[in-house]
Amino acid sequence: MKAVIMAGGKGTRISSIASDIPKPMIKIGGKPVLEHEIECLREQGLKDIIISVSHLGNHIIDYFGDGCKISPSTGEPFGVNIEYYYEKEPLGNAGALFEIKDKLTDDFLLLNADSLFNVDFNRFINYHKKYKPLATLFSHPNSHPYDSALLITDKNNIVVNWLQKNDSRPLYYKNRVNAGLHILSPLLLENRPDTPKVDLDKQILKPLAGTGKLIVYDSPEYVKDMGTPERYSMVCKDYEKGIVNNRNLINKQKAIFIDRDGTINKYVGFLRNIDDFELLPGVSEAIKKINNSGYLTIVVTNQPVIARGEVSIDELDNIHNNLETLLGKEGAYIDGLYYCPHHPDKGFVGEIRELKIDCDCRKPKPGLILKAASKFNIDLSESWMIGDGKNDILAGKNAGCHTALIGTEDFGQDMSVNSLIEFVEKTIIY
Ligand SMILES: [Zn+2]
């Protein structure tokens with residue numbers, strides 16, 4: 001698959017760091033951000049690259065050449081084939097695609113050169129090939145969903161609505177944001193919008209929402225924009241700590257599995273009403289700290305209210321959207337959420353019979369944790385399960401994790417704490 005990298009942005013907000021070089025040439029760990037991107041592609045066998053340049057683009061062309069030369073930063077060959085498209089007039093962030101469409105005869109990767117990423121591209125490509133949409137967006141939760149464009153999908157990850165920053169949004173929403181990495185079909189380039197500049201999101205992708213031809217690929221891998229001096233400095237720190245590379249799902253991950261009721265939100269018996277959902281003190285701060293560490297944040301919760309017919313799956317989804325919205329307001333997010341809808345005891349009015357089973361996922365069984373571990377390639381022996389009950393500790397032990405109890409009883413846990421934040425402060429090495 002060919003990769004097209006859009007490297008023509010002006011990057012005015014970051015000009016205090018570098019005003020005489022284009023943004024993709026700003027260095028992280030001694031190498032231009034664009035070189036990190038090219039290395040990530042090459043290592044996964046993606047060696048045919050087209051770079052669209054404009055503003056100060058000669059710096060990029062001089063540095064990388066046709067991709068066969070030796071890198072001035074590493075002394076190693078770039079080891080790829082690079083072609084360029086030089087934008088003389090500003091064409092917007094998608095105009096160049098229509099100029100090079102003859103070179104794009106198959107589905108292609110479209111990447112933004114303004115962010116640092118390290119992702120398992122073959123996993124992303126295989127997902128796209130399985131569903132064959134016109135476009136697949138690499139999506140993730142971020143620390144500022146309230147001012148980001150949101151992707152609203154159905155249960156099959158098909159985008160049904162694309163809400164720009166200023167569009168009104170539901171009261172509670174899932175933190176799912178377009179990360180700026182895409183796989184597109186060349187069919188999208190058949191008709192060029194009739195404007196001098198073409199905006200990728202507004203004119204090409206957003207109109208596909210609701211057509212069934214636009215899907216998302218959720219991933220917790222590292223993709224971060226470095227468009228402001230603050231974000232740039234954060235990205236540099238993450239790179240130095242090894243978080244950028246470690247988060248690639250080719251590598252084994254480590255996670256903090258967190259129980260929901262009584263650990264994240266106030267325990268109110270079985271939660272049925274969305275308005276009763278309230279985060280416990282310090283939870284957002286704790287999760288934010290996990291987000292900035294090398295661990296994934298994954299919620300695992302028993303929700304027998306579904307089997308009992310007391311809460312519908314849509315209502316439960318909305319409660320979880322509320323959780324994500326509340327965390328998002330504080331700059332925190334979860335990488336995954338798994339719930340068990342089952343309950344073993346039959347014979348109640350209104351119950352959903354097919355969910356009244358002795359399943360493998362109801363804690364203390366380890367099914368939810370094992371499912372997450374399989375999806376995210378998690379090393380459970382490097383991970384923790386934390387909760388406020390015996391079932392949490394036993395589920396963690398059954399899965400082979402370290403365990404922490406919020407409470408004072410002894411269920412054989414490795415650690416006892418008073419709150420999630422206390423656990424995070426004791427455990428996580430930044
Ligand atoms: Zn279950």
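Atoms within a ligand are numbered from 1 in the order they appear, just like the ligands themselves. Note that these values count all heavy atoms, side chains included, but never hydrogens, waters or copies made by symmetry. Sequence positions, counted from 1, serve as the residue numbers for this chain.
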Using a 3.5 Å distance criterion without hydrogens, assess whether the side chain of Glu330 forms a donor-acceptor pair with backbone atoms of Glu285.
no

Over 60° means perpendicular and under 30° means parallel, so classify the ring planes of Trp384 and His402, tilted if in between.
tilted

List the residues meeting salt bridge (Lys or Arg N to Asp or Glu O under 4.0 Å) with Lys213, not counting sequence neighbours, and say none if there are none.
none

With the threshold set at 4.0 Å, does a side-chain nitrogen-carboxylate oxygen contact exist between Asp167 and Lys206?
yes

Do any pairs count as a ring-ring contact (aromatic ring centres under 6.0 Å, His included) and have a residue in residues 137-166, sequence neighbours left out, and if so which ones?
Phe124-Phe138, Phe138-Tyr217

Tell me the protein N, O or S atoms under 2.8 Å from the Zn ion (ligand 1), in chain and number order.
Cys340 SG, His342 ND1, Cys359 SG, Cys361 SG

Listed partners of Lys390 passing salt bridge (Lys or Arg N to Asp or Glu O under 4.0 Å), at least two apart
none

